[in-house]
Amino acid sequence: GENVEQHPSTLSVQEGDSAVIKCTYSDSASNYFPWYKQELGKRPQLIIDIRSNVGEKKDQRIAVTLNKTAKHFSLHITETQPEDSAVYFCAASVAYNQGGKLIFGQGTELSVKP
Amino acid sequence: NAGVTQTPKFQVLKTGQSMTLQCAQDMNHNSMYWYRQDPGMGLRLIYYSASEGTTDKGEVPNGYNVSRLNKREFSLRLESAAPSQTSVYFCASSVGITTQYFGPGTRLTVL
């Protein structure tokens, strides 16, 4: 089955710097890759996702890149702000008409220092 | 719309007791999921239901059972709770493989 590895487990940056979180997956059939943000004591929320027919996707300060050959994808946050501090999870899934299951990475705790 | 709701918010059980965690969504989503979250281990899928009438095992199904009662409701049952099942449990729903919307979570402690 699918296995998703996420690195680093913790990341500390200064406000205004960039942050990069990397994930690798094992199942070459996976075709959907979302990223979730979870603030302390809250539920996870989707921040961006990418499908396998796209190499890069941007949404304001957040971007995700996908390398299908190497089976890895990354989250890039530019101009970080204190409110970006949270735990970020990557996930991978084989999507089909009736749905499918997401396999999550272990999470990265991002701390943005003012 | 309430989105995804879960009950209870907190629960303490003794080893061997049983309980059912309830989840409901009002977004007309076809797919629903149960996850557990433990420190350093991310979100692990217990069971999921791609559509009403179907359920499938996830990564860590042992010790749990589920029921997709109707399109709105998906319950998780612990028949004989063990300390290893101490965790935060999240329910989620989606339209196929798209954005999953999570409930607020249930914090379960098994003594």
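Naming: A, B, ... by sequence-line order, numbering from 1 per chain.
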Same apolar cluster: [X] and [Y], side chain cutoff 4.5 Å:
X: Y64(B); Y: V88(B); result: no
X: Y88(A); Y: L11(A); result: yes
X: I103(A); Y: Y89(B); result: no
X: V4(A); Y: V20(A); result: no
X: Y35(B); Y: V110(B); result: no

If you count heavy-atom pairs under 4.5 Å with chain A, which of S94(B), A92(B), P104(B) comes out on top?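 When all of S94(B), A92(B), P104(B) are compared, P104(B) has the most.
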Below 4.5 Å from any heavy atom of chain A, which atoms of [X] appear? Answer side chain, backbone, both or neither.
X: Q100(B); value: both
X: L45(B); value: side chain
X: Y101(B); value: neither
X: V4(B); value: backbone
X: T98(B); value: both
X: F90(B); value: side chain

Are more than 12 heavy atoms, taken from residues, nucleotides or ligands other than [X], located less than 6.0 Å from that residue's [atom1] atom?
X: Q17(B); atom1: CD; value: yes
X: R107(B); atom1: CZ; value: no
X: L40(A); atom1: CG; value: no
X: E83(A); atom1: CD; value: yes

At what distance, to the nearest 0.5 angstrom, does [atom1] of [X] lie from [atom2] of [Y]?
X: I47(A); Y: T99(B); atom1: CD1; atom2: OG1; result: 12.0 Å
X: F102(B); Y: Y36(A); atom1: CZ; atom2: OH; result: 5.5 Å
X: S31(B); Y: K101(A); atom1: OG; atom2: NZ; result: 13.5 Å

Polar side-chain atom of Y48(B) near backbone of L102(A) as donor-acceptor pair, under 3.5 Å: no
Tell me, side chain or backbone of P44(A) under 4.5 Å from chain B's heavy atoms, or both, or neither?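 When you check distances to chain B, atoms from both the backbone and side chain of P44(A) fall under 4.5 Å.
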Which answer fits Q38(A), side chain, backbone, both or neither, if we ask what part of it has an atom under 4.5 Å from a heavy atom of chain B?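 The side chain, not the backbone.
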Between chain B and each of Q45(A), Q6(A), E109(A), Q106(A), count heavy-atom pairs under 4.5 Å; write down the option with the most. Q106(A)
